[in-house]
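To start, the structure under review is shown below, and the notes come after it.
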Protein chains: 4
Amino acid sequence: MINRVVLVGRLTKDPELKYTPTGVAVANFTLAVNRPFSSQDGNREADFINCVIWRKPAENVANFLRKGSLAGVEGRINTRNYENQEGRRVYVTEVVADSVQFLEPRNSGGQQSGGSSYGEENNYNQNRKPNNNQNNNRQDDDPFAGGSQPIDISDDDLPF
Amino acid sequence: MINRVVLVGRLTKDPELKYTPTGVAVANFTLAVNRPFSSQDGNREADFINCVIWRKPAENVANFLRKGSLAGVEGRINTRNYENQEGRRVYVTEVVADSVQFLEPRNSGGQQSGGSSYGEENNYNQNRKPNNNQNNNRQDDDPFAGGSQPIDISDDDLPF
Amino acid sequence: MINRVVLVGRLTKDPELKYTPTGVAVANFTLAVNRPFSSQDGNREADFINCVIWRKPAENVANFLRKGSLAGVEGRINTRNYENQEGRRVYVTEVVADSVQFLEPRNSGGQQSGGSSYGEENNYNQNRKPNNNQNNNRQDDDPFAGGSQPIDISDDDLPF
Amino acid sequence: MINRVVLVGRLTKDPELKYTPTGVAVANFTLAVNRPFSSQDGNREADFINCVIWRKPAENVANFLRKGSLAGVEGRINTRNYENQEGRRVYVTEVVADSVQFLEPRNSGGQQSGGSSYGEENNYNQNRKPNNNQNNNRQDDDPFAGGSQPIDISDDDLPF
DNA sequence: TTTT
DNA sequence: TTTT
């Protein structure tokens, strides 16, 4: 039983960070991955793949990725289903990421034109927990501090 | 832009083989991939991943895999959407396989109890094209002929 | 920075289990992965890929895999180099496995004809530590106990 | 039998492009992939993974990648061996790429300081064939023409 | 023989 | 130094 996914693509929107009632961080984002071939009508298309990441790396994703950011994802395909408000069963297929790689140099990536993506009217970190982590894990507070290489925001620590 | 998936799991049902109006074979099947961890209520769960494969390998899948067969899949995640009969947009995420590996020795795999899966009342190959292929491609007519190793039913030939 | 490998193949020999001076288990094995195409002289060939796995899963590999066993590996490519006895630098490329999947039903896999592979004259577990694990990890003592599905012998616990 | 590799890293040197006696292009390059963890002595290390790519994409690699370029690779692990001049058998493990992704915006990637990497005194394309391709394949002559997304320089065409 |  |  093997279930392994590797993706490189761009975020279609700023990631959404939430916390479970017990305080576990979870971030959702969608990766647009351009197809390497054209459709019969001749234009290039993309797959839009929903991704989820938990715990500390979720906070890193929310802090360092924006709409348009180029990112790499390693994870597995997760399927689940639930009953919606009309009593209909909805089937969901998404990628649960183990780690996310930020593949752009700082101040370079994505659509941040006008800087609006970083504006305080932004809602991507609405219910953010105060960032009082003592940082004894693999990630730096500022993953850009260490040089100009892409950043590994993976994290296997259990912060809760 | 990278989009790569590798799965090993078991078919939840016999594969479904169809042909497009222009005669292109396409097979659909769902792979159950057991998760390597248990849910909070303590039982092992699985992901049920819809897969599609086209052309000659689709016919091989229909011929050599059954409900319960252990199979390996290499492919990419494909997303698409369509409007259903109620006018609602339905979003689909599935794996488009480049190749499928049959990971069981002949006469060993899956649920073939009573042999019913191979019975002629079976509908898995209902609208089969006559198998008049001259077979100058990488797959043997009988992939089991060559020994007892797992069978590669991948195919990059363009039969149409 | 992404480095991900997925392999399914057969062990060319019984795995070799060793322990570091500090008592950490490490198993080495080679996976023969048949190529999906033939060479110009018409015969099928294989890649022989050296794999390493650490800690508890190393012991599981030594216990449950044999020459000829069909196994799945997830891991990363590791490169290292050392100076050999003639003072020459030797470059090594191998796969460090995060997890290994046993893809054969019990009593079915590999070449165990004559049962010799399990005999006490075997040397695959020569310097085995006594198996006094209290087993509070994800793997059962008997991974076959749970049914007939392939076994996940991955392990993220830190046993030391 | 599955053998799948996905890498994202930086070229340690300009790629080397050669042609076989029958005129088939082949490029070699090494990818440095930084490890997501530190060694016991506290510094970050990398794996240096030798890669090979054939035919048209080999020419694209030679044209668009340089020392320091960030690239994604999909492929398989290949093992081979040969006898060296001292009559000793040498074992080689490398990645044969199906496709390579250029992950940097134009005029941004790698070490091209002084533009010297593109200078005509460069030797990375010494025995280049004249680039008289009629280009009816998936790649544009100028992969940068189509916008600012990463470039897929994969190619399954058989140019010979 | 290594990249940022 | 290779598996089925």
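Order of the sequence lines fixes the chain letters, A, B, ..., with proteins taken first and strands second; residue numbering starts at 1 for each chain. Being a predicted model, the structure only gives us computed values, none of them experimental. Computation of the quantities below employed the complete heavy-atom set of this structure, encompassing side-chain atoms and omitting hydrogens, waters and symmetry-equivalent molecules.
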(request) Would you please test C:Glu86 and D:Arg88 for salt bridge (Lys or Arg N to Asp or Glu O under 4.0 Å) and show each step? (result) CA-CA 13 Å; C:Glu86 296 107 72; D:Arg88 207 197 298 261; 3.0 Å; yes
(request) For side chain to side chain contact (heavy atoms under 4.5 Å, CB included), just list the numbers for C:Arg4 and C:Asp98, CA-CA rounded to whole Å, side-chain angles, deciding distance to a tenth of an Å, and then say yes or no. (result) CA-CA 10 Å; C:Arg4 190 80 300 198; C:Asp98 300 321; 2.4 Å; yes
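Among D:Asn3, D:Val5, D:Val95, the single residue meeting the side-chain contact (heavy atoms from CB on, under 4.5 Å) criterion with D:Arg76 is D:Asn3.
When the nucleotides E:dT3, F:dT2, E:dT1 are ranked by their closest atom to the side chain of D:Lys67, E:dT3 comes out on top. Taking every side-chain heavy atom of C:Tyr91 into account, E:dT2 is the closest of F:dT2, F:dT4, E:dT2. With F:dT3, E:dT3, E:dT2 as the candidates, the nucleotide lying closest to the side chain of C:Met1 is E:dT3. Ranking F:dT2, E:dT2, E:dT4 by closeness to the C:Thr12 side chain, first place goes to F:dT2.
Computed from coordinates, the C:Glu45 CD to F:dT2 P distance equals 13 Å when rounded to whole Å. Rounded to whole Å, atom P of E:dT3 lies 15 Å from atom CG of D:Leu70. The nearest whole Å value for the distance from the CG atom in C:Asn81 to the P atom in E:dT2 is 8 Å. Atom CZ in D:Arg89 sits roughly 10 Å away from atom P in F:dT2 (whole-Å rounding). Rounded to whole Å, the distance from CZ on D:Arg35 to P on E:dT4 is 18 Å. In this structure, the NZ atom of C:Lys13 is 10 Å from the P atom of F:dT3, given to the nearest Å. Rounded to a whole Å, the CG atom of D:Asn43 is 15 Å from the C1' atom of E:dT4. Atom CG in D:Leu65 sits about 14 Å away from atom P in E:dT4, given to the nearest Å.
With hydrogens and angles ignored, a donor-acceptor pair under 3.5 angstrom links the side chain of C:Asn34 to the base of F:dT3.
Side chains of A:Leu31 and A:Val73 form a contact here, defined as non-hydrogen atoms less than 4.5 Å apart.
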